[in-house]
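In what follows, chains carry the letters A, B, and so on, assigned in the order in which the sequence lines appear, proteins first and then strands, with residues in each chain numbered from 1.
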Amino acid sequence: MSIRSGITTSLTRWVFILPIAFMMLFFALPMILTAVWSVFERTMFWMEPGFTLFSYENFFTSARLLNFLASMYHSSIAVLICLVLGFPIAVFVRRRIPQAAQHRVVLLFILPFMVSETIRVFALRPVLQRNGLVNGALMKLGVITEPLTAILYTPLGVIIGEVLSFLPFIVFSGFLAMEAVPRYIFEICEDLGANTFRVYKDIILPLAAPGIFAGSVFIFVNGIGVALLPNILGGPGAVNAGLIATQAISALDFPLAMAVSAIMTATLFLLLYIGHRLFDLTHILDPVNK
Amino acid sequence: MTEYGNPVTYGLKWLYLLLIVCLLMSPVFYVMYISFNENGFGARHYVFTLDWYKVIFTDRQMLTALSWTMKLSIATMLITIPLSLLAAKYYKTTRHKVLTVFLLLSPLFVSSDIMGSALLVFFKNLNGVFTFVGDKYSILWLQSWFELGFTTALIGLIIYTIPYAFIVILITMGRYRQQQTEAARACGATGWQAFTDIEFPQIRPGVFSACAFTIILAFNEYTRTNLLKGGFDTFTTVLVSEMLNTGMSEQSYAMSSLVSFIAIAIIGTIIIVTLLKSDSIAQRERVKAEPGSNES
Amino acid sequence: MSNVPPAVETRDLSKHYGQVRALQNVSVNIAAGEYFVLLGPSGGGKTTLLRTIGGFHRPTTGSVLLHGNDVSRLPPDKRPTSMVFQSYALFPHMTVLGNVSYGLSLTKMPKDQIQEKAKTMLEMVGLTGYEDRKPHELSGGQQQRVQLARSLVLDRDILLLDEPLAALDAQLRKDMCLELKHLQEQVGITFIHVTHNQEEAMTVADRIALIADGNLIEQGSARDIYERPKHRFTASFVGENNLMDGTLLTVSGDDAVVDIAGVKLMAKTEGQSFTAGDAVSISIRSELVKTDASSLSGSVEGHCIIGTFREAVYLGLTTSFRLTLDNSNEIQARFVTGQSAQQFSPGDRVSLHWQPGDTRLHAAQTKTHTP
C-alpha cells in the first residue's frame, strides 16, 4: 500500500467522526457544563467561578418550583391527549394503508410542522379569543350564547397549544414504532379473533413501546421547556422551565438559567435512562434487528 | 384495507385522519383568512384585499431581516446535510450505535429555550477564552470567532436541525442495500465513486427532502436564533417583537401567512414531485417491460 | 511450470470478530483457470473466506496472494478480482446495459467500445434484447446473468461467486449450474464459487474445499470428496453416508478392527495413524449397503452387521430403508426403486452387508468440526 492511500484511508475514517465531534463540542459539552456554571457566583452582568448552591435554592424554595411542577402536570395531560388522538392514526396508516402510500399519508402531518412554531402559537390567540374562530363558530351553531373566555390565558390554553404543536410527533414516532409490528401479526390476530382492545393491549403496545415512549418524552420535555407556549397562551401563573431560563437570561441571572438547564438535562437523562432500562430504545431505528 | 374490512369504518378512519390534519392547520388557515381582510381581525365586514402584503415589501427592516434569514438558513443547510450524511454512513457501520444515536437525536429532547440558554452561556465563555488567548499571544484573528453573531446562530441552528436531517437520511438509506456498494467496488469503483454513482442517486429524494426540511426549520426557528444572533434580526425575531410590542397587527398576519404559504408550497411541491416522479418512472418502466414491446 | 504462482493463495488466513473466529488459519492454493468451490454449512466461514479474497474483509492474521502478489491490505477495486453476489446487488437505477458497462465506464476506455463489449457480454449470457430494462423487470435468473456479465466484462482473471444461485428455484438452479460451468470453460478464468448445496458444488467444481467452523476441513476433486472422504465431517456433509461410531480394537499395518455395537467390523486406515482404543467412526455410503433377511449368509465377515428395520421411504428413483443398529445408531440403505423385491416389516431383524473396501475409517468427531 502506498503512503498516499494510507493517508487518505485514515483521513476518510476521521471525516466520518466529524459529526460526532461537532455534536460533542457544541451540544454535549455545553449541556454538561450547565451543571458547572449553575454553581458559579452571580455578578452584576455576568458570573464568576465559585461554588454556591444559591441558584438551586432560588429555584426550589420559591414559587418557581410550584410553577414548574404545574407545567409538568399540564404537559403530562398534553402527552395523554396526543397519544389518544395521534397514536391510532399511526396504527391505522401502518395497518390499513398500502405500503407504498404509507409515507405519503404520514407526510401530511409534516405540513403543520412546516409552519413556524411562532406563527402557529401566535395564531392560536385569534382562534381562541373572545371574538375569535372557536367562539364565533360555537355561537353560530347555537352551542353557546355567551363567548367562552376561560380558554386563552389559562392552563387549558397552554394544553391546547401543546397538543396542536406536538401532535404530529406522536404520529411520526408511532409510525416508526409500528415498524416493529409486522403486518402479518394483524392477520394472525384476525385469525384468532382478537378484538381491537386486545390487539392494542397484547400486541401493539408492547411491541411499539419504545417508539411510544420516545414520542411521549419528546412532548413532555418540550411542553415544560418551550417558553413560547405559556408566554403567549398562558395566564400569569403559567411559567415553565423554558420561561424561567429565558427570564433569568433577560435579568442577567446566568447561574439561575444554567441551574434550570441542568435540572432539565437531569430530568431528561432520568427519563431516557428509565426508558432504556424498560425497553431498549435503540430498537426504534433498528426494529428489524430485534 | 383487508379484503373483508368494513368500508364504512375505513372511510371514517380516513375522515378522522384528515380532520386532525385540518385541526392542526386551522390556526394557520385562520391567519391566512384574516390576512386578506381589509378590516383586519374581528371586523364585522370581510373585504378582500392584498394591501397588507404590499406593506411587507416596503418595510426595509423586514426585507433586511428576510435576507439575513435566508443566508442563515442556506448556510445551515450547507453544513447540516453533509454532516448528517456522514453521520448516517457512520451509524450504519459503527459498533457504537447507542452512543451515536443518542448524541445525534438528543437535541430533539432539549427544548429550544434550554438549549439556547446553554449555548448562549457556552459561547460567551468561549468568546472570553478566545479573546484572552488572542490578547495574550497577539493572535488577532482568533478574537471574534465566537462573539454572538452569525456563526453562533449558525451553530445553534445546525445542532437543532441535525436530528431531523439525520432521521430523514437514515430512513432513506435503510432501503439501500449495502451489497450494491460492494458490487461497485468489485467493478473497480473507489469508495467515493461507489457513493456518487450508486448510492447517492438512490438516496437523492431523501437528501433533497432533508435539505428543504432543514432550510424551513432554520428559517422558522425563533428561540435559538433570538438568543444567539447578537446584532442582526431575522424574520421570526422581527415578527415576534412586532407582535409583542404592538399586538397582532394586520401586517403581521400577512407576514405570517406569506411565510406559511411559501413553506407549505415548498414541502407540498417536494412531496408531490418526488413521489409522482418515482411513480411515473416506475410506470413508464413497467410499460417498457410489457412482453412484446421491447422483446428482440 | 512450478515457478508460476497460483492464481489465489491464502496463507494461514484468520478473521476474528471479537471472540468469534470466522476463519482459522486457512491455507489454500487455487490454480489459474480452475473452477474451485467452497462448500460447507451456513455460518461456516466460506463466505468470509471468499470476501477476504475479494477484499471486503481485512484478514486478522495471514495473507492473501493473487498471482503471487500480497494484496491483503488492498481494497476490492485494487484487486484483480470481481464478484457476483447472492442477489439484490444490481444497481436498480441503471438499465441492464448501464449495469454491465458500469465497471468499464470507470476506466479510460472509449464509450462506443464499452457499449460494444457490454453488448457482446450480454449476448454471451443470453440477454440480448434486454439492454434497456431495469433490474426489477427481470426474473431472478436473468438478474444473476446480468451480474455475471457485469463481472466478466471487466476481463479480470478471478471471478468470485457468493452463493450466486441460492435465490433461484430448484430447476433453474440446475440449469444455471451447467451454464456457469460452460461459461467458465469458455472464458477460461479462475472461478471461486461459494455454496452450501452439494449437488451444485459437484456439478461445477474442478475442486471442492470443505469449510466448516472457520476451518478448511478437506479439499479434493468432487469424486475424491464423494467417494473417499477423509474426515468424518466430510462424510456427514457430502453424499448420504452412514456413520457408525465405535472403538478401535486393533491396528495391524493398514488393517483396523473396530467394535461397533459389539460387532467387529474391518476397515483400512489408508495412511492415517490410529492407536488401539481410539474413538473412531466408520462411514459407508447408503447406496453401498445391501440388506438381507437371511442371517448373514453370503457376506464377508467383518463387513456385515445386524440391524432392526424401521421403515421404507419411497423417493421416486430410489427407495431408502431406514434401520437402527443395536446401539441405536441409524443406518440407511438406498437402492434404485424396483431393483429389490425385499419386503420388511418394522421390527424385523435384517442383515446389512457391503463389499470390503467400501468403508472408510475416520477419527471420531473433534469439537471444532461440528457438522
Portion of [X] that has a non-hydrogen atom of chain B nearer than 4.5 angstrom:
X      : value
A:M114 : both
A:F186 : neither
A:F122 : both
A:I249 : side chain
A:I110 : side chain
A:V93  : side chain
A:I20  : both
A:F218 : both
A:L167 : side chain
A:S261 : both
A:M24  : both
A:F269 : side chain

What part of [X] lies closer than 4.5 angstrom to a heavy atom of chain A: side chain, backbone, both or neither?
X      : answer
B:L85  : neither
B:F29  : neither
B:T94  : neither
B:I266 : neither
B:L17  : both
B:Y33  : neither

Legend entry - Residue that, paired with A:F22, satisfies side chain to side chain contact (heavy atoms under 4.5 Å, CB included) out of B:L103, B:I155, B:L86: B:I155

Legend entry - Ring-ring centroid check A:F113 B:Y164, cutoff 6.0 Å: yes

Approximate separation, where rounding is to 0.5 Å, of [X] [atom1] and [Y] [atom2]:
X      : Y      : atom1 : atom2 : result
A:T118 : B:F235 : OG1   : CZ    : 8.0 Å
A:M258 : B:F122 : CE    : CZ    : 12.0 Å
B:I114 : A:T246 : CD1   : OG1   : 8.0 Å
B:K124 : A:F254 : NZ    : CZ    : 4.5 Å
A:F92  : B:T9   : CZ    : OG1   : 9.0 Å
A:M23  : B:L105 : CE    : CG    : 8.5 Å

Inset, instruction - For the pair B:Y16 (side chain) and A:L85 (backbone), establish whether a donor and an acceptor sit closer than 3.5 Å, ignoring hydrogens and angles. - result: yes

Legend entry - Side chain B:D113, main chain A:A227, donor-acceptor under 3.5 Å: yes

Inset, instruction - Give a yes or no on this: more than 12 heavy atoms of other residues, nucleotides or ligands lie within 6.0 Å of atom OH of A:Y273. - result: no

Legend entry - Other residues, nucleotides, ligands: >12 heavy atoms within 6.0 Å of B:R95 CZ: no

Legend entry - Positions in residues 26-36 of chain A that reach chain B, provided some heavy atom is under 4.5 Å away: A:F26, A:F27, A:A28, A:L29, A:P30, A:M31, A:L33, A:T34

For each of [options], tally heavy-atom pairs with chain B at distances under 4.5 Å, and name the one with the top tally.
options                : answer
A:G242, A:A257, A:P126 : A:P126
A:Q129, A:R125, A:R130 : A:Q129
A:L133, A:N131, A:V121 : A:L133

Best-contacting candidate, [options], against chain A by heavy atom pairs under 4.5 angstrom:
options                       : value
B:L239, B:N220, B:V259, B:L23 : B:N220
B:I34, B:V21, B:L18           : B:V21
B:V28, B:I216, B:I264, B:V121 : B:V121
B:A87, B:S117, B:A263, B:S112 : B:S117
B:F219, B:F213, B:Y222        : B:F213
B:Y90, B:W192, B:Y30          : B:Y30

Legend entry - Taking every non-hydrogen atom, the tightest pair across A:R120 and B:P27: O-CB, 4.3 Å

Legend entry - A:P168 to B:L24 - nearest heavy-atom pair and separation: CG-CD1, 3.9 Å

Test item: [X] and [Y] side chains (from C-beta on) under 4.5 Å apart, heavy atoms:
X      : Y      : result
A:V105 : B:W14  : yes
A:I89  : B:I20  : yes
A:V221 : B:S111 : no
A:L111 : B:I267 : yes

Inset, instruction - Give the C-alpha distance, both sets of side-chain angles, the deciding distance and a yes or no for side-chain contact (heavy atoms from CB on, under 4.5 Å) between B:N125 and A:W37. - result: CA-CA 10 Å; B:N125 277 305; A:W37 292 319; 3.1 Å; yes

